[in-house]
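Working notes, beginning with the structure itself.
Chain identifiers are assigned alphabetically (A, B, ...) following the order of the sequence lines, protein sequences preceding nucleic acid strands; residue numbering begins at 1 within each chain.
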Amino acid sequence: MVQIIESQYKEILAQYIREQSEQNLYAGQILSRQFLQENVQPEEVISMHKAALAGLHGELPDEVWHSFDLLIEMMISYGMANRERQSLVQKQEELRVEMDLASHVQETLLKTQRPEIAGLDVGVISVPSRAMNGDYIYFVYDESGSAGVAVADVIGKGIPAALCMSMIKFGLDSLNDAAAHPSDVLGVINRIVEKSIDDSMFISMFYGQYNAEDGRLTYGSAGHEPALLYRAETDTFEELRARGLLLGVSPKAKYEDRSVQLHTGDLVIAMTDGVTEGRTEVGFIDHEVIFDMVRHKKDASAQEIAEYLYEELSRMQQAELRDDFTLVIYKKS
Amino acid sequence: MVQIIESQYKEILAQYIREQSEQNLYAGQILSRQFLQENVQPEEVISMHKAALAGLHGELPDEVWHSFDLLIEMMISYGMANRERQSLVQKQEELRVEMDLASHVQETLLKTQRPEIAGLDVGVISVPSRAMNGDYIYFVYDESGSAGVAVADVIGKGIPAALCMSMIKFGLDSLNDAAAHPSDVLGVINRIVEKSIDDSMFISMFYGQYNAEDGRLTYGSAGHEPALLYRAETDTFEELRARGLLLGVSPKAKYEDRSVQLHTGDLVIAMTDGVTEGRTEVGFIDHEVIFDMVRHKKDASAQEIAEYLYEELSRMQQAELRDDFTLVIYKKS
Amino acid sequence: MNNQSSVEILTEWDIVAARQLGRNVAKELGFGTVDQARITTAISELARNIYLYAGQGKIEIQRVTEKGLNGIMIVATDTGPGIPDIRKVMEDGFSTSGGLGAGLPGVKRLMDDFKIETILGEGTDIRATKWLR
Amino acid sequence: MNNQSSVEILTEWDIVAARQLGRNVAKELGFGTVDQARITTAISELARNIYLYAGQGKIEIQRVTEKGLNGIMIVATDTGPGIPDIRKVMEDGFSTSGGLGAGLPGVKRLMDDFKIETILGEGTDIRATKWLR
Ligand SMILES: [Mn+2]
Ligand SMILES: [Mn+2]
Ligand SMILES: [Mn+2]
Ligand SMILES: [Mn+2]
C-alpha cells in the first residue's frame, strides 16, 4: 500500500516539476485526501517528498536534503496534533451515540399523553436546539373534561437542564389532578424545585387548566413567556399574562389564578421563549409576525397550526435554532 | 510576529544546513511547538521553509522550488485537519464545563441524608468512573429507629444512566416510609421503572431496612450484587442474597423479604458490581481479598472502613475505574 | 463591484477547469501561493460535491469588494437533492470522513466567509469568500 | 537483552544531550529519519517535563528485545511532586496546551507502548517504547 502511494506521489511530483499544470495539483490534492484518510502523517509526507525528489533529481546539492531533514523535524508536532484530532473525532462519535441514547431515554422517561377531550383540539411541537431538550410539556386530563397543561423552560440548556426536567415530571405526577388550580400546581412545583436544585438553576412555567364543562381556561405563570389568545370572533389577539416568580427562586413565592372564557374557534398558544426570541437577520421575531402566521392558518387543526408556525419561524432563523422551540395549542371547537 | 518567526526559522535552517547538530533540531522542535500554539498551519510552514531556503540558496534550480509548491498543495488537507482539531478541542472544553455542571446538578438533585440512629454507624462512598454517576444510594429514616437504604446500579453508564437515577429518587421520595418492607419498595419502584423506561435499560437494587428496636435487618434484592455480612463474634462472612428480577424487566416481578439479626460489631456491606468486578493485572478482585481488608479495618468507623476499601481496591485497579464504585456500610455498635 | 465567470461541473475535468479559473483570479488579485492553494482546495471540494452528489451544477468565481477590501467569492450552485440536515454536515468530524457534503466545514475554515442555502428537492447554493489583507 | 545509558536532566543543555543519545541509539538500531525524529521528539517532551516541573531526574535509553522485535525504550524518572490526576493529563486537548504533564498523550502517540507510574510527593516513572518493524 505504502509503496503504491509512494510511487503515485513520485509520478505526480515528476509531472508537476515538468508541467506545473493545475491538473497535477488536483491529482496531488486527491492523493493528499487519501493520505489523511489512511493516517499518513505530515512528517511522512515530507519524507516521501524527499525520497521522490531524490529519485528524480539525486544530483541536487546537500543543502536541499538537509533542509528536508529539518522540515521533517518541524512536522512532528503537526503529526501529533493530527493523531489527537483522530482521537477527538472518535470520542465525539462515541459521545454522539451516548447523547442519542440519552435523548431517547429522556423522551421515554418524560413522555406525556395529549388530552382527549370533546370540544378541545390540541397541537404540540417541541424541538430541541441541541441533543437534549430543556423545554418540557406535561399534560394531565380526566373524564370529567379537565385538561391541564404545563409548559416549562429550564434556564440553561443541554444535559444539566435535561436532568431537571425529570424532577418536574415526577412532581406533576405526584399531584395527579387535572382539575387542580394553576396557583396550587405552581406552588407545589416551586417548593420541590427550590428544595432540589441549587441557586444557579431556575425554571419558568406556564400552567393552563381547561374545563370542558364551562369552556373556561384558568391559567397562571411562573415568570414564563405570556401565552397568546386568538379571538376568532373579532380576529384579534390578547396576551395571557399572570404574575409570579420563576420556580426555585423563593419557597414563599405566590402564584395567581386568572381565567378567560373560550369560544368556538378561539386558540390558546402557550410557548417558550425559543419561539419568540429566535433571531433573524433583521433582529428578534416580532409578535406581529406570529399573529399574521396564525391568522393565515387559523382554520387548520391545532397540530397543523403548530407545525406551520415551527416551519415558518425556523426558516426565518436559517434553521439555526439557538434555543429549544416549544408550542402547545388548545383550539376550542 | 510572523516576521520574527520567519527570521528565527531562517536562522535555524541556515545553522542546520551548516552544522546538522542535535541542538539545531531541538531549536526547530521548540519553534514548531510555538507554531502550533500560534495557529501557524503546516502549509504555511512549507511556504516559510521555501522562502527561507530561497533566501539562503537562491541559486538552487527550479525543480527545487516547484517541488515545494506541490508540497504546499499537499499540506492544505493537513491544515484543514489541524483547524478541525482546534475546534474539537474547544468543543471538548465546553463539554467538560457542561458535564461538570450536570454532575453538580445531579448531586444536588439526588442528595440524600445519612441516617442518624442510635446504635447504627453508617459509612458511604460512591465514586463515578466518568463524569456522571450511574450508581445511586438513597436513605430514608425516622425517629422510631427505622433506617432504609437503597443501593442501585443502572445497567449502562454516563448520561443515559444519570437520567434514570432521578426516576428512582422521586419514586422512593413518594414512598417516604422508613419502615416499609424491602419487597414492597422494590415492587413499587419496579412498576415505575417498567412504565417509564424502555426495554433496553435495567436497574439492579439492593434494599436494606434496619430496625434499631430489635436490631434486625430486613433485606431484598432486584438482581443486585449480594451484600456482605461480617459476624464480629465468629470473625466470619456471610453473603446476603435474595431472589428477584432486575427492575424494569416485568411489571409482575415479585421480591423477597429476608432478615438477619445483627449483633454488636457486625457489619453489613452493600455494594455495586463496580466494587467486585474491578479488574486488576491478575484478573477480577476476589471476595477473599475484600474479606481480608475488612478484617484488617473492622474496628474502625463505618466511614473509615468504606474509604479504606475504596483506596485499596482502586489502587489494585491502577486508579482506572471501569465502573462506578459504591459502598454502604451499616455497623451495629 | 462584481466581475464574474463560471464553469459548469459535469465531468471530473470540469473540476480542474474550475480550479484553474479560481487560481487565475486569485493570482491576479494578488493572493500568495498558500492562499491560492487554499482557495483552489475549497473550489475542489465544492466542485467535487456537485460532481459526486448533485450530478449537475456550476462554480462561479467573482471578484468582490467590500469596505475597501478586495476578495474572491466562490459560488457553488446545483440543482441536486439538497442537504436534509445542514447542522449535521457542518459538524466537525464529518469534514475528513466521506459522504454527502463531506468537506463543508473544511471549506468554511479555508475561506473567511461561508454561507449555505439548501432546499430539499431543489438544490443548494454555497457562497464562500476570501479577503485579501 | 538490555543495554542502557542515561543522561541526568538538570539544565536545558541536558535535553539536547538526551536527544542526541536517543538519536544515536535509534540510528544504530536501524530506525529511519521519520522515526528518529519521533523518538527524539518524545525524549524532548519527557526531558522538558523533568526540567520544567520536576526539577531533577534522568532519561535512560535502553535497547530492548521482545518476541523477536528490537526496540528502543525511553525511561524518564524524576523525584518531583508527582502527578495528582493521571486521567486528566492523559486526556486529549491537554497535549498541545501548556501546563504540568503537557505532551504526555503526544508522547504516547509517537511511541508504541507507554506506561506511567506516579506517587505524589515521590516522583514519576514513565516508560515509552518504539519497536522496529
Ligand atoms: Mn431553556
Ligand atoms: Mn428557552
Ligand atoms: Mn452502572
Ligand atoms: Mn455497575
Side-chain (A/Q29) to main-chain (B/E73) donor-acceptor, under 3.5 angstrom: no
Given side chains that start at C-beta, do those of A/F35 and B/M74 come closer than 4.5 Å, heavy atoms only? yes
Quick one: what part of A/L53 sits under 4.5 Å from any heavy atom of chain B, side chain, backbone, both or neither? side chain
Can you check side chain to side chain contact (heavy atoms under 4.5 Å, CB included) on A/C164 and B/V105, steps first, answer last? CA-CA 8 Å; A/C164 290; B/V105 168; 4.1 Å; yes
Relative to chain B, which of A/K169, A/M75, A/Q106 shows the most heavy atom pairs under 4.5 Å? A/M75
Applying a strict 4.5 Å limit to non-hydrogen atoms, the region of A/S67 in contact with chain B is both
Any side-chain heavy atom of A/L71 sitting closer than 4.5 Å to one from B/F68? yes
Among the options A/P160, A/S103, A/G79, pick out the one with the most heavy-atom pairs lying under 4.5 Å from chain B. A/P160
Of the backbone (N, CA, C, O) and the side chain (C-beta and beyond), which part of A/K91 lies under 4.5 Å from a heavy atom of chain B, both, or neither? side chain
Return the NZ to NZ distance between A/K195 and B/K111, rounded to the nearest 0.5 Å. 8.0 Å
Chain A heavy atoms under 4.5 Å from B/M132: which part of the residue, side chain, backbone, both or neither? side chain
The reported gap from CG in B/L25 to CG in A/L70 (rounded to nearest 0.5 angstrom) is 6.5 Å
Quick one: sort the A/F170 and B/F170 rings into parallel, tilted or perpendicular, breaks at 30° and 60°. parallel
Can you tell me which portion of A/L95 sits under 4.5 Å from chain B's heavy atoms? Options are side chain, backbone, both or neither. side chain
Atom pair CD (B/E63) and OH (A/Y16), whose distance is rounded to the nearest 0.5 Å: 13.5 Å
Go through the structure and list residues passing ring-ring contact (aromatic ring centres under 6.0 Å, His included) with B/Y9, not counting sequence neighbours. B/H49
Rounded to the nearest 0.5 Å, the CG atom of B/L109 sits from the CD1 atom of A/I192 at a distance of 11.0 Å
Could you grab the distance from atom CD of A/E84 to atom CZ of B/R85, nearest 0.5 Å is fine? 5.0 Å
Out of curiosity, A/S87 OG to B/L88 CG, how far, rounded to the nearest 0.5 Å? 9.5 Å
Go through the atoms of A/E94 and report whether side chain, backbone, both or neither lie under 4.5 Å from a heavy atom of chain B. neither
Can you give me the closest heavy-atom contact between A/A102 and B/L163, atom names plus distance? O-CD1, 3.3 Å
With respect to chain B, which residue among A/Q41, A/R18, A/E107 yields the maximal number of heavy-atom pairs within a distance under 4.5 Å? A/Q41
So do the side chains of B/L60 and A/P61 get within less than 4.5 Å of each other, counting heavy atoms only? yes
Under 4.5 Å from a heavy atom of chain B, the part of A/V40 involved: both
Whether the A/S77 and B/S32 side chains hold a donor-acceptor pair (N or O, under 3.5 Å, no angle test) is what I'd like checked. yes
With chain B, the option among A/N82, A/L31, A/V45 that has the most non-hydrogen atom pairs under 4.5 Å is A/V45
Is B/E98 reaching over with its side chain to a backbone N or O of A/I159, donor-acceptor style, under 3.5 angstrom? yes
